[in-house]
> 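Below you will find the structure I want to go over with you.
Both counts, for ligands and for their atoms, begin at 1 and track the order of listing.
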Amino acid sequence: MPVNDAIRHDWAREEILALLKRPFNDLMFQAQSVHRRVFDANSVQISTLLSIKTGACPEDCAYCPQSARYDTGLNVERLLPLEQVLQAATRAKAAGATRFCMGAAWKNPRDKDLDRVIKMVEAVNALGLETCVTAGMLKRDQAQRLASAGLDFYNHNLDTSPEFYGEIITTRTYADRLDTLQHVREAGLHVCCGGILGMGESRADRAGLLQALCNLPQHPDSVPINMLVRVKGTPLADAASLDPFEFVRCIAAARILMPKAMVRLSAGRAEMSDEMQALCFLAGANSIFYGEQLLTTDNPGQQADRALFQRLGIQAMADECPRQRATSSRGNTRRHRPTSGRPSR
Ligand code: SAM
Ligand code: DTB
Ligand code: SF4
């Protein structure tokens with residue numbers, strides 16, 4: 001199969017399935033070839049996550065420990081005070097993170113909640129960190145307010161294929177998610193959008209998720225690929241585990257389909273072997289969450305990640321989305337470019 005790096009938005013499901021079915025070595029070679037033309041193959045961006053409002057969420061996402069519908073023994077927390085968020089961001093920066101992501105367990109933020117989140121974005125930006133927020137559905141004017149406050153990224157996932165989606169979430173539709181993504185994109189924010197694998201979906205569903213992502217009007221700037229963290233008390237607590245090679249194949253396909261996106265190896269790393277993570281980096285993943293915790297579940301500790309980077313000769317990427325972007329007009333053109341290790345052609 002020829003290597004083709006064209007930015008396409010017309011991928012057919014069958015083409016993506018054909019990619020996923022390629023012999024593993026051929027798929028890895030194709031993904032690594034695309035990756036090297038765009039990025040430094042030995043740089044990985046690191047982000048830190050903080051749950052700024054935890055649990056008691058009215059949505060019914062079957063994977064999520066924060067849904068009020070499931071008894072997961074979670075400590076519910078109201079929106080954190082600004083000071084506490086700033087302390088966490090300062091620690092994250094000192095540990096080497098370049099992006100600070102704030103997650104809130106809301107269906108959607110109320111305007112008065114957004115006022116407080118905006119103050120957090122401004123304060124974290126002032127520390128010299130990129131900012132990302134994930135807080136549920138946004139109205140058009142809310143996305144615009146976040147953009148005006150200097151937010152860099154908004155994370156809102158499609159989670160799975162349109163066909164499988166109804167098995168996982170009934171309280172908001174796929175179309176609702178696409179609407180929020182449109183508001184975020186049109187406000188000029190960088191879009192962070194991905195999904196979860198290992199929820200009992202078929203390979204065709206995994207292809208369907210990737211198809212929905214790469215056929216958006218613009219490829220997301222950042223594509224988090226989460227491996228389901230099976231949390232006791234959620235409906236997916238006993239989901240069958242996904243073959244690690246299938247997960248790596250999906251990372252490779254994401255890299256090939258969205259050549260310029262940062263592909264983030266997100267939730268589930270605590271249960272992955274070092275060897276599996278190394279294969280994910282080889283397949284084109286170039287971003288991770290760093291720190292002991294994701295939002296409510298475990299992540300490998302900083303020591304473990306530092307040791308892994310050292311064993312693999314991986315450097316932390318300096319800054320994914322340079323600040324000069326803030327001075328350019330917020331429009332629909334792609335602004336984010338990797339800054340470290342531009343490709344050697
Ligand atoms: N409430 C907001 C929303 O749903 O958009 C933001 C927070 S929500 C926790 C962010 C994302 O985390 C979800 O879209 C989902 O993809 C991911 N996630 C949540 N629980 C997970 C789990 N148990 N395993 C893997 N990913 C998970
Ligand atoms: C995303 O796709 N993964 C992150 C981030 N976006 C916000 C969240 C993962 C959450 C995993 C479950 C938890 O820790 O609660
Ligand atoms: Fe709520 Fe987000 Fe969890 Fe769904 S994924 S239950 S919307 S916090």
> In ligand 3, which numbered atoms sit nearer than 4.0 Å to a non-hydrogen atom of Arg172?
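Going through ligand 3 atom by atom, the ones under 4.0 Å from Arg172 are 7 (S).
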
> Under 4.0 Å from a heavy atom of Pro224: which atoms of ligand 2 are those, numbered in the order shown and with their elements?
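Every atom of ligand 2 under 4.0 Å from some heavy atom of Pro224: 2 (O).
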
> What are the protein N/O/S atoms, named by residue and atom, that sit under 2.8 Å from atom 3 (Fe) of ligand 3?
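Sorted hits: Cys64 SG.
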
> Between Ile196 and ligand 1, which part of the residue brings a heavy atom under 4.0 Å of the ligand: side chain, backbone, both or neither?
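Only the side chain of Ile196 comes within reach of ligand 1.
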
> Please classify the Ala104 to ligand 1 contact at 4.0 Å (heavy-atom distances, strictly less than): side chain, backbone, both or neither.
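Under 4.0 Å from ligand 1, Ala104 contributes backbone atoms alone.
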
> Do any nitrogen or oxygen atoms of Leu295 come within less than 3.5 Å of a nitrogen or oxygen of ligand 2?
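Yes.
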
> I need the atoms of ligand 2 closer than 4.0 Å to a non-hydrogen atom of Thr296, numbered in the order shown.
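Those qualifying, in numeric order: 13 (C), 14 (O), 15 (O).
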
> Ignoring angles and geometry beyond distance, decide whether Trp106 reaches within less than 3.5 Å of ligand 1 through its nitrogen or oxygen atoms.
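Between Trp106 and ligand 1, an N or O pair is found under 3.5 Å apart.
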
> Could you say whether the N/O atoms of Ser266 and ligand 2 ever approach to under 3.5 Å?
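N/O-N/O distance below 3.5 Å does not exist for this pair.
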
> Hydrophobic clusters join Ile, Leu, Val, Met, Phe, Trp and Tyr when side-chain heavy atoms are under 4.5 Å apart, directly or via other members; which others share one with Leu295?
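So far as hydrophobic clustering goes, Leu295 is joined with Leu49, Phe289, Leu294.
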
> What atoms of ligand 2 come within less than 4.0 Å of a heavy atom belonging to Asn157?
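Those of ligand 2 that fall under 4.0 Å from Asn157 are 1 (C), 2 (O).
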
> Answer side chain, backbone, both or neither: which part of Thr297 comes under 4.0 Å from ligand 1, heavy atoms only.
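None of Thr297 does.
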
> To which protein heavy atom is atom 12 (C) of ligand 2 closest, and what is the distance rounded to 0.1 Å?
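For this ligand atom, the closest protein heavy atom is Thr297 OG1, 3.6 Å.
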
> With only distance considered, is Thr134 within less than 3.5 Å of ligand 2 through an N or O on each side?
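The answer is no, given that Thr134 and ligand 2 share no N or O pair closer than 3.5 Å.
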
> So, the side chain of Lys107 versus the backbone of Pro58: is there a donor-acceptor pair under 3.5 Å, distance only?
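No, the answer is negative, given that no donor and acceptor are paired below the 3.5 Å cut-off.
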
